[in-house]
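Side chains included, hydrogens not; waters and symmetry mates left out as well; all remaining heavy atoms used. Per chain, numbering begins at 1; letters A, B, ... match sequence-line order.
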Amino acid sequence: MTATLPRPLQLLVDFGTWLLTVAITLLGLAALTFFIGRVLPIDPVLAIVGEKATPEVYQRVFLELGLDKPIWQQFAEYVGKILRGDFGISYSTSRPVITDLLAFFPATLELATIGLIIGVVLGIPMGVASAYWHEKWPDHLFRIVGLIGYSVPIFWLSLVGLFVFYYKLGWVAGPGQVDVFFTGIVTRWTGSILIDASTQGQWDVFWNAVSHMILPATLIGYYSLAYISRMTRSVMLDQLSREYVLTARLKGASEFTVVMRHALGNAAIPLVTVIALSYGGLLEGSVLVETIFSWPGIGNYIYSSLFAADMNAVLGGTLLVGVVFVLLNMLSDVLYSILDPRSRRRTS
Amino acid sequence: MSDTTLPAPRNALRAAQLKELRGFAKRFARNPLGMVGLFIVLLLLFCAAFAPWIATHDPYLPTLTARLSAPSAEYWFGADELGRDIYSRLVYGSRLTLLIVGLVIVSSAPIGLLIGVVSGTVGGWVDAVFMRITDVFLAVPKLLLALAFVAALGPGIVNAALAITLTAWPPYARLARAEALIVRNSDYVAAIRLAGGSEFRIIVFHVIPMCLSSVIVRMTFDMAGIILTAAGLGFIGLGAQPPLPEWGAMISTGRKFIFDQWWVATIPGAAIFIVSLGFNLLGDALRDLLDPHLRQRN
């Protein structure tokens, strides 16, 4: 490792490289959705207008899509449109896709965020306990709980949860974000129902929304808990076997300090990446959960667009979740290099 | 060529390999969870192989008088909305599950392995280009990509498998590249190079075999994920189409009856869960035994 550049300049170069990586990845993502939307269907025009369209309509859509131009030019125009926020018109709602996406995204974000909080708050202690009592009963118990979360089809678990907790026990409210009775009471200025209701003092709406949200959020939380606790366990196992842990013990530090301060403190760096990645996974995992809970989010939007053969909406939704996914990935890289001094300069 | 005609060193090699295998089986048998996983996977294979003999009814034949009947001696897991026996449909569905998993593994693992090994062994701009492409595929949401892909191609089992393949190969490429990078600079590869072995020979006979154990571990874990994704696609209606007894699609049709006839939707889901748990348990056990990185640490 030879530092040939002064530090600020090196940082600038690193940042430039990072920005280039993000740009290339996003361009790749756009290329994928372009490929799926334009190249894969045998006739993209027919996919939009249907088989009974008149030649005039067909011709108009053909020109609108720019199919008379070379493919690279089509792609350049596609990227240009995306950059301007133009994802095309949704054929099922006949609104611009971007408007729809922005309307539906907050609900998904809210659900995923609460799910992530549940996953982190429960998953990290579980992982720590697993590592501390390695190969003892808490480890076996938590590993099995995690393994089940890994293996269970989340849409099925949602159905079972709905059947048990809503239909049989009546502990939670059913599908939807709030009861029909409560819809339209609060002004949706942030898009998050909990924030909107509480800031406007509509506490009955708030509690109704909580009772609707608790089941899907817990299920999504369980999904992320499985991943987070597993990763926490392996990171903590690695940390606890290091010599500094022995040193701390020899110096008379309490077990709690050793585990929570020293080991978990060092484990925190890789865990940030894990959490960021699982947040991306949650946004995606919510697609299936949302369809079951009739949650007014992106997942449900994509699902219903699929059946309307509304490819603009499907691809727009995929692109949006993809962009958030990529940005989360890249952000976790940045956080990693900020938190971990060793990774600031690559050795390769 | 039979064993007796083999030259002595090769016989010794074979004996050593057998001994290694036996030791491996013994170590594997000591892991109870791994055995449970193995049992589940074998049960799945058994069901798929002998479906006509295990099933009690025709999986496609509707019996309208038995519509949505509850689990009983006649219909072990109840009957669905057309009066078809859910148990028999599950048994036949195991074939579809294995078909999708098989298609995806057979296509994605070699693609990923090849890209990764070539990338790691050749290096230079080939490596840079391949890894950038791999990163793009790794960075996009898998289920959504598969979903959009099938939506464009049209629903069906083969298209679903294709779509999952599209998202499943990158981890193999990463894995194989990492292994290849280590192997590339090892002395024995240098020796082969000095002896005049071509790049092709090095890649096929000396680098790929070294990557196999990590790839196999990864494959076992992946099977669980593939089963879940395939079931998800089936549930959305983009995978196997009715009347095929695909488990995800069965949940999707049973969903309408979840409150009154819970068994129609829940039992196929339980099957998906058990099978994917089986692959995960098996993967865990195999990783503990095969993963060279873990083995060194212990």
Query - Verdict with reasoning, L145(B) to L32(A), per side-chain contact (heavy atoms from CB on, under 4.5 Å) - result: CA-CA 9 Å; L145(B) 192 66; L32(A) 269 175; 4.1 Å; yes
Report summary line: Heaviest contributor of heavy-atom pairs below 4.5 Å to chain A, chosen from V150(B), V275(B), V136(B), is V136(B)
Query - Inter-chain contacts: residues 262-271 of chain B against chain A, heavy atoms under 4.5 Å - result: W262(B), A265(B), T266(B), G269(B), A270(B)
Query raised in the report: For E243(A), does the CD atom have more than 12 heavy-atom neighbours from other residues, nucleotides or ligands under 6.0 Å away?
Result: no
Query - Derivation of the side-chain contact (heavy atoms from CB on, under 4.5 Å) call for R132(B) and T25(A) - result: CA-CA 8 Å; R132(B) 211 79 298 273; T25(A) 313; 3.6 Å; yes
Query raised in the report: Does some side-chain heavy atom of T318(A) sit less than 4.5 Å from a side-chain heavy atom of L147(B)?
Result: no
Requested in this report: Heavy atoms only: give me the nearest V152(A)-F273(B) pair and the separation to one decimal.
Outcome: CA-CD1, 3.6 Å
Query - L147(A) and D284(B): CA distance, side-chain angles, deciding distance, side-chain contact (heavy atoms from CB on, under 4.5 Å) verdict - result: CA-CA 10 Å; L147(A) 209 59; D284(B) 255 353; 3.8 Å; yes
Query raised in the report: Top residue by heavy-atom pair count (under 4.5 Å) with chain B, among I302(A), I154(A), L306(A)?
Result: L306(A)
Query raised in the report: Between F155(A) and chain B, which part of the residue has a heavy atom less than 4.5 Å away: side chain, backbone, both or neither?
Result: side chain
Query raised in the report: Measuring heavy-atom distances to chain A, does A224(B) have an atom under 4.5 Å in its side chain, in its backbone, in both, or in neither?
Result: neither
Requested in this report: Nearest 0.5 Å please: distance from the OG atom of S151(A) over to the CD1 atom of I274(B).
Outcome: 11.0 Å
Query raised in the report: Does a side-chain heavy-atom distance below 4.5 Å link L143(B) with L288(A)?
Result: yes
Query - Spatial distance of atom CZ (F259(B)) from atom OH (Y166(A)) [nearest 0.5 Å] - result: 5.5 Å
Query raised in the report: When rounded to the nearest 0.5 angstrom, what distance separates CG in N280(B) from CD1 in I148(A)?
Result: 11.0 Å
Report summary line: In this structure, CZ of F235(B) is separated from OG1 of T291(A) (nearest 0.5 Å) by 5.0 Å
Report task. Mind checking the CG-OG1 spacing from D135(B) to T21(A)? Nearest 0.5 Å is all I need. Result -> 8.5 Å
Query - Residue pair A151(B) / M311(A): nearest heavy atoms and the distance that separates them - result: CB-SD, 4.0 Å
Query - Interchain contact, L238(B) with chain A, by part (heavy-atom threshold 4.5 Å) - result: side chain
Requested in this report: Please round to the nearest 0.5 Å and tell me the distance separating atom CG of L228(B) and atom OH of Y150(A).
Outcome: 11.5 Å
